[in-house]
Amino acid sequence: MQAVSVRETTWGPGWFAVEVETSNLAVTILPNKGADICSIRYKRCGNLEVLWKSPWDPVMPGTLYAPDSATRWMNSYPGGWQVMLPNAGDEATYQGTFYGFHGEASLVPWHWSVEERSESRLTLRFTVALPHVPLRLERRVSLYAETPATVYLRQRVTNDGVETVPCEWGEHIAYGSPFLSEACTFDVPAAAIRTEFESNSRLPLGETAWPLSDEAGQDFRRVLGPESHVADFGILAYLSEGRYTLKNSELNVGVEVKWDLSVMPYVWLWQEFQGSRNHPFHGRSYAMGLEPCSADSHSGVAGSMGNGTAIHLEPHQTREFWLDFHLFSTAP
């Protein structure tokens, strides 16, 4: 039986990291920066990295001047996979409380510990009490030696305050090369896509039936190359189940993500194919996000309160969420 190992290490610009490894996977997490999952490598395919890494050296939050919360978040964005809470999308102020861009959970340091460890299983536990809203989060990441290449994520959020707290909750998962390429296609069991932005985007504004093709008959589920200079953002809605797949036909590798649809009924589709020329991308980024989320708009928690999609946590109430991230071979 193959053991599951854990070790402390450094990542990127010298950030403290924790790496969990099995015979199938190597997963790297940043406890001091949002408990971000910054790397997932598939060892059965030559140590293939599947997550995107930003082309700039990110800085720890608060160490570089930023005129707004979106700039601050992007300055610290290493790529990879973040939890968005208590906000997803644009910054907002609601009843005197500031909700920053993509939320504060991914900007603060978390406590971490090894909760369970054996030859066949390892679970890391990450916890944080947020400073702006009275929410306490627990984030458990488990890997098993004897099971397929799967990351099991289990989360809990608790309102420690005496008033109801509205929030949004999402998983900001971004894929990059060498896994992401023109050989990739993705499938989300959605019935429509909602688009709010127009610049450098192929997607029509408003709500459109999904799947969608352009005027030339190009299926939007097929990933474009970096030379396409596209920057798409849309929100996939009316999902029949909490699931999506992303497959690379040349590498014969796929990702399947399954999650609790009752908590996150939408998937945010972000495609940055060297299409954004301003900060922070400057035409040098090739990435795609497929992000389960509770919100049906990028307008932040104020927008979710307006359209009825905000999550309301009553005093001392706890909500739970599960997500399974699975890598597999598509070779015959």
Side-chain angles (χ1 to χ4, degrees), residues 1-44 47-54 57-63 73 76-85 102-131 136-157 170-176 179 255 257 259 321-327:
M1 179 182 293
Q2 294 291 329
V4 184
S5 66
V6 58
R7 66 186 182 101
E8 297 181 2
T9 183
T10 57
W11 179 88
W15 288 5
F16 171 70
V18 178
E19 184 176 82
V20 183
E21 191 167 355
T22 72
S23 60
N24 297 314
L25 288 177
V27 179
T28 306
I29 305 172
L30 304 174
N32 292 340
K33 197 279 174 188
D36 290 5
I37 299 174
C38 62
S39 174
I40 299 178
R41 291 179 284 118
Y42 191 33
K43 295 168 68 175
R44 288 193 172 183
N47 226 23
L48 175 70
E49 176 64 65
V50 298
L51 298 183
W52 178 64
K53 185 181 183 298
S54 62
D57 285 332
V59 297
M60 275 295 172
T63 60
W73 198 90
S76 303
Y77 179 36
W81 176 355
Q82 292 72 38
V83 56
M84 297 186 291
L85 197 140
H102 281 357
E104 65 201 75
S106 61
L107 297 176
V108 294
W110 293 49
H111 305 279
W112 78 280
S113 62
V114 177
E115 183 173 80
E116 180 180 357
R117 183 175 188 176
S118 68
E119 285 293 306
S120 61
R121 170 177 175 161
L122 189 137
T123 297
L124 298 181
R125 179 175 180 260
F126 302 87
T127 61
V128 67
L130 298 180
R136 176 169 41 89
L137 285 81
E138 297 177 73
R139 186 171 169 92
R140 288 176 170 84
V141 178
S142 298
L143 282 81
Y144 296 77
E146 72 274 15
T147 60
T150 303
V151 179
Y152 298 92
L153 177 69
R154 301 295 181 264
Q155 295 187 116
R156 294 161 55 94
V157 57
E171 296 296 327
H172 193 280
I173 309 172
Y175 302 93
F179 171 63
V255 171
V257 178
W259 69 93
F321 174 75
W322 64 268
L323 183 148
D324 297 341
F325 183 102
H326 175 57
L327 276 159

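No experiment lies behind these values; they were computed from the predicted model shown.
Between Trp81 and Phe325, the ring planes lie tilted relative to each other; the angle falls in the 30° to 60° range.
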Quiz: residues 37-44 side-chain donor-acceptor pairs under 3.5 angstrom, not counting sequence neighbours:
| unit_1 | atom_1 | unit_2 | atom_2 | d |
| --- | --- | --- | --- | --- |
| Ser39 | OG | Glu49 | OE1 | 2.4 |
| Arg41 | NH1 | Asn47 | OD1 | 3.0 |
| Arg41 | NH2 | Glu19 | OE2 | 2.8 |
| Lys43 | NZ | Glu21 | OE2 | 2.7 |
| Lys43 | NZ | Thr22 | O | 2.8 |
| Arg44 | NE | Asn24 | OD1 | 2.6 |
| Arg44 | NH2 | Asn24 | OD1 | 3.2 |

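Looking at Tyr77 and Ser106, their side chains never come closer than 4.5 Å, going by heavy atoms from C-beta outward. Counting only heavy atoms from C-beta outward, the side chains of Val6 and Leu124 approach each other to under 4.5 Å.
Taking the six-membered ring for Trp and the full ring otherwise, His326 and Tyr152 have centroids separated by 6.0 Å or more.
Here the closest non-hydrogen pair linking Ile29 and Pro31 is O-CD, 3.2 Å. Val83 and Arg139 get closest at one heavy-atom pair: CB-NH1, 3.4 Å. In this structure, Leu30 and Phe16 approach most closely via the heavy-atom pair CD2-O, 3.7 Å. In terms of heavy atoms, Glu104 sits closest to Leu130 at OE2-CB, 3.3 Å. The heavy-atom pair separating Thr123 from Ser142 by the smallest distance is OG1-OG, 2.6 Å. When all heavy atoms of Asp324 and Trp322 are compared, the pair lying nearest together is OD2-CZ3, 3.9 Å.
Counting only distance, with no hydrogens or angles, the side chain of Thr9 and the backbone of Val18 share no donor-acceptor pair below 3.5 Å. For Gln82 (side chain) and Gly79 (main-chain N/O), a donor-acceptor pair under 3.5 Å exists by modelled atom type.
A distance of 13.0 Å separates OG of Ser76 from NE2 of His102, quoted to the nearest 0.5 Å. We find the CG-OG1 distance between Leu153 and Thr150 to be 12.5 Å, quoted to the nearest 0.5 Å.
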Review point. Is there a side chain to side chain contact (heavy atoms under 4.5 Å, CB included) between Ser120 and Tyr144 once you walk through the steps?
Key: CA-CA 6 Å; Ser120 61; Tyr144 296 77; 5.9 Å; no
Review point. Hey, mind stepping through Phe126 and Trp112 against side chain to side chain contact (heavy atoms under 4.5 Å, CB included) and telling me if it holds?
Key: CA-CA 4 Å; Phe126 302 87; Trp112 78 280; 3.5 Å; yes
Practice item. Begin with the C-alpha distance, continue with both residues' side-chain angles, and end with the deciding distance and a verdict on side chain to side chain contact (heavy atoms under 4.5 Å, CB included) for Trp110 and Leu137. Key: CA-CA 9 Å; Trp110 293 49; Leu137 285 81; 3.7 Å; yes
Exercise for review: Could you give me the CA-CA distance, side-chain angles and deciding distance for Met60 and Trp15, then say whether side chain to side chain contact (heavy atoms under 4.5 Å, CB included) is met?
Suggested key: CA-CA 9 Å; Met60 275 295 172; Trp15 288 5; 3.7 Å; yes
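With Glu115 as the fixed residue, the salt bridge (charged side-chain N to carboxylate O under 4.0 Å, His left out) test singles out one of Arg121, Arg140, Arg154: Arg140. The one candidate from Glu116, Glu138, His111 that meets the side-chain hydrogen bond (donor to acceptor under 3.5 Å, both in side chains) condition with Arg125 is Glu138.
Sorted by first and then second residue, the salt bridge (charged side-chain N to carboxylate O under 4.0 Å, His left out) pairs involving residues 22-37 (not counting sequence neighbours) are Lys33-Asp36.
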